[in-house]
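Note sheet for the following structure.
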Amino acid sequence: MEENYEDIMQKLRKYNQNDFIEVVNKLDSIDRRFILNQVSQIDFEEIKSLYNDIGKNEEKTNSIIEPINAIDKSKLSEEEIKKYEDIGTKIIKENKFAVITMAGGQGTRLGFDGPKGAFEFDIVNHKSIFEVLCDKFKEAYNKYGVYVYWYIMTSVENNDATVEFFKVNDYFGYPKEKIIFFIQGKKPMLTPNGNLIVNEDKRLKLASDGHGGIFRILQEEKIVDEMKKEGIEWIYMGGVDNVLAKLIDPLFIGVAKDKNMLAAGKSVIKNCPEEKVGVFVKKNGRPSVVEYIEISKEMSEEKNEDGELKYGEGHILCNLFNIEVIEKTSKEKLPYHSQFKKCNYVDKEGTIVRPDKPNAYKFENFLFDVFEKLDDMVILRVKREEEFAPIKNAEGVDSPESARKLYNDYYNKINKV
Ligand code: UTP
């Protein structure tokens with residue numbers, strides 16, 4: 001233990017962790033020692049500010065929100081498409097491009113018992129989401145003659161199961177040295193009065209720090225350094241659950257490079273003003289994604305001279321970064337967003353409690369908060385039916401069923417051409 005027992009207790013008292021102390025004092029000596037060792041590594045000033053800031057990042061601010069310009073892929077000429085694709089193809093062929101799939105989420109809404117990527121998406125060919133994504137890398141190999149590096153961000157909870165899933169499936173026939181797993185960071189969860197929590201395994205309750213934690217962990221785990229050594233300059237980052245995402249898209253890379261931008265994001269136009277997706281905007285002159293609650297009903301309904309929604313560029317978590325941006329932003333702080341979630345815990349009597357409603361705060365960084373650190377970025381508007389088939393819910397909207405339909409419709413269409 002870095003600090004002795006009394007020092008840690010004193011620190012806990014200083015930061016008003018009295019409820020937590022009571023629970024810890026009921027644990028047996030082995031568990032207590034373990035948990036206090038975890039506590040000794042906590043930055044309590046950070047915990048204090050996380051607690052004080054609860055809800056603040058979700059408040060409406062007085063920022064100046066303006067529409068952002070997007071390049072509409074469907075309006076590009078054949079020459080433009082060729083120009084961009086040639087630029088991107090060169091980058092891919094020179095091994096300067098890699099993909100990161102963020103697969104550290106909990107997938108609570110889908111309710112699948114296992115990593116979301118292991119969910120059987122293609123029920124005809126018995127292919128998991130991971131295999132469907134891997135097919136895109138194999139296709140890219142056939143086109144460009146290179147095995148693109150595939151980095152997969154997991155969480156402490158699903159890492160072992162994810163790695164094992166790839167192993168038993170023989171990495172879906174992709175070279176295993178090209179698939180690299182890393183585990184995302186964690187933050188302690190807090191009770192409504194700001195106390196730490198003992199989880200059902202008598203350990204400190206920690207939870208994933210959100211997809212925006214990716215920049216910090218890439219730096220901490222020295223993955224950025226490895227990428228640089230490999231000569232990687234451009235990195236696509238996307239969620240695990242969009243089966244239509246074009247992970248290796250020379251056009252996307254080419255547009256960013258040609259426009260001298262260090263980041264790019266794909267958008268799809270919102271279905272309707274009420275659709276609950278974040279939208280790309282300019283916030284105080286910088287690119288940003290604002291949640292639907294951050295813009296008024298009137299603004300969400302406003303149209304431009306072309307009759308399109310002025311604030312309609314839906315963010316679909318398909319983004320591209322130059323390694324320079326990752327290096328720079330990994331050292332900067334992103335805001336934490338708090339969410340009130342359910343979490344099992346040990347109470348002061350030493351009993352394990354499994355609440356049926358939310359009881360604790362979880363703190364997450366959002367990837368798109370990094371955009372505000374940039375002067376500008378490219379927004380490439382793509383067609384929903386070509387690039388966006390998310391799997392979020394077990395049934396209905398954004399479910400395996402709706403994604404299968406979109407996926408099959410798309411491939412039936414392109415195979416007919
Ligand atoms: P979502 O916000 O949709 O969350 O993540 P989720 O965990 O998949 O699903 P719910 O909300 O619990 O139902 C969008 C993408 O970001 C990844 C997810 O794996 C998904 O690909 N993600 C999310 C992470 O990698 N880490 C996180 O901490 C959160």
Side-chain angles (χ1 to χ4, degrees), residues 55-72 100 102 104-109 208-215 236-242 244-245 252 263-304 308-321 325 329 334-339 362-374 376-384 387-393 397-398 403:
K56 289 211 180 122
N57 287 317
E58 278 60 48
E59 280 169 13
K60 279 191 184 178
T61 57
N62 292 326
S63 316
I64 301 169
I65 308 276
E66 293 163 301
I68 197 162
N69 288 331
I71 296 175
D72 189 339
I100 304 183
M102 296 178 291
Q106 289 176 292
T108 358
R109 287 168 287 171
S208 293
D209 60 4
H211 43 56
I214 191 164
F215 300 99
Y236 170 90
M237 287 185 197
V240 69
D241 47 17
N242 176 8
L244 267 188
F252 195 30
K266 285 189 177 174
S267 69
V268 298
I269 212 77
K270 268 169 82 168
N271 263 336
C272 57
E274 301 77 41
E275 197 188 7
K276 291 184 172 145
V277 291
V279 288
F280 283 105
V281 294
K282 279 260 161 119
K283 189 173 179 180
N284 300 328
R286 288 176 180 269
S288 176
V289 170
V290 295
E291 290 298 338
Y292 59 98
I293 46 163
E294 284 185 73
I295 53 174
S296 63
K297 185 174 179 297
E298 297 74 54
M299 266 171 100
S300 70
E301 289 170 350
E302 262 180 75
K303 300 220 168 136
N304 62 20
E308 292 169 334
L309 289 175
K310 241 177 158 178
Y311 299 95
E313 304 294 341
H315 171 253
I316 55 170
L317 202 56
C318 293
N319 299 307
L320 180 76
F321 295 96
V325 174
T329 50
L334 294 183
Y336 279 95
H337 302 263
S338 55
Q339 295 195 56
K362 181 181 183 198
F363 301 92
E364 292 190 326
N365 289 137
F366 293 163
L367 178 133
F368 46 79
D369 281 331
V370 98
F371 300 149
E372 287 180 40
K373 311 266 177 209
L374 309 169
D376 208 353
M377 66 186 282
V378 168
I379 311 298
L380 181 67
R381 186 194 295 171
V382 296
K383 285 193 180 147
R384 194 179 270 263
E387 306 207 22
F388 192 47
I391 300 174
K392 300 285 181 194
N393 305 308
V397 182
D398 298 343

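Predicted, not measured: the structure shown is a model, and the values here were computed from it.
- Under the salt bridge (charged side-chain N to carboxylate O under 4.0 Å, His left out) criterion, D209 pairs with R216, sequence neighbours left out.
- Looking at heavy atoms from C-beta onward, Y311 lies out of side-chain contact with V290 at the 4.5 angstrom threshold.
- Taking the six-membered ring for Trp and thresholds of 30 and 60 degrees, F321 and F371 have nearly parallel ring planes, at less than 30 degrees apart.
- Minimum heavy-atom separation, G55 to S338: N-OG, 3.2 Å.
- Remark: side-chain polar atoms of H315 are not paired, donor with acceptor, to backbone N or O of G278 under 3.5 angstrom.
- The 12-atom threshold is exceeded at CG of N304, counting heavy atoms of other residues, nucleotides or ligands nearer than 6.0 Å.
- Taking all atoms of both residues into account, the shortest heavy-atom contact from F280 to I68 is O-CG2, 3.5 Å.
- N242 contributes no side-chain N or O that, together with a main-chain N or O of I391, makes up a donor-acceptor pair within less than 3.5 Å.
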Run the numbers on H337 and F363 for side chain to side chain contact (heavy atoms under 4.5 Å, CB included), then give the verdict. CA-CA 6 Å; H337 302 263; F363 301 92; over 6 Å; no

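- K373 is listed as a side-chain neighbour of L334, based on a closest heavy-atom distance under 4.5 Å.
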Determine, step by step, whether V268 and E387 satisfy the side chain to side chain contact (heavy atoms under 4.5 Å, CB included) criterion, reporting the C-alpha distance in whole Å, the side-chain angles of both residues, the deciding distance to 0.1 Å, and the verdict. CA-CA 9 Å; V268 298; E387 306 207 22; 5.7 Å; no

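- Nearest heavy-atom pair, H211 versus L367, reported as atom, atom and distance to 0.1 Å: ND1-N, 3.0 Å.
- The two residues S208 and E364 come nearest to each other via the heavy atoms O-CG, 4.1 Å.
- For the pair D398/R109, no side-chain contact is recorded, criterion being any heavy-atom separation below 4.5 Å from C-beta on.
- Side-chain contact between N69 and I379 is absent, with no heavy-atom pair separated by less than 4.5 Å.
- Atoms CD1 and CZ, from I71 and F252 in turn, are 10.5 Å apart once rounded to the nearest 0.5 Å.
- Take R381 and apply the salt bridge (charged side-chain N to carboxylate O under 4.0 Å, His left out) test, not counting sequence neighbours, and it matches D72, E308, E313.
- Within the 4.5 Å cutoff, the side chain of Y236 has no heavy atoms near those of the N319 side chain.
- For residues 278-288, the pairs satisfying salt bridge (charged side-chain N to carboxylate O under 4.0 Å, His left out) are K282-D376, K283-E294, K283-E372, R286-D375, with sequence neighbours left out.
- Rounding to the nearest 0.5 Å places CD of E66 at 9.5 Å from NZ of K310.
- Listed here is the closest heavy atom pair of P335 and D369: CG-OD2, 3.4 Å.
- In this structure, E302 CD and L309 CG are separated by 10.0 Å, a value rounded to the nearest 0.5 Å.
- Under the 4.5 Å side-chain criterion, counting only non-hydrogen atoms from C-beta, R384 is not in contact with I269.
- Nearest heavy-atom pair across G265 and M377 is N-CE, 3.5 Å.
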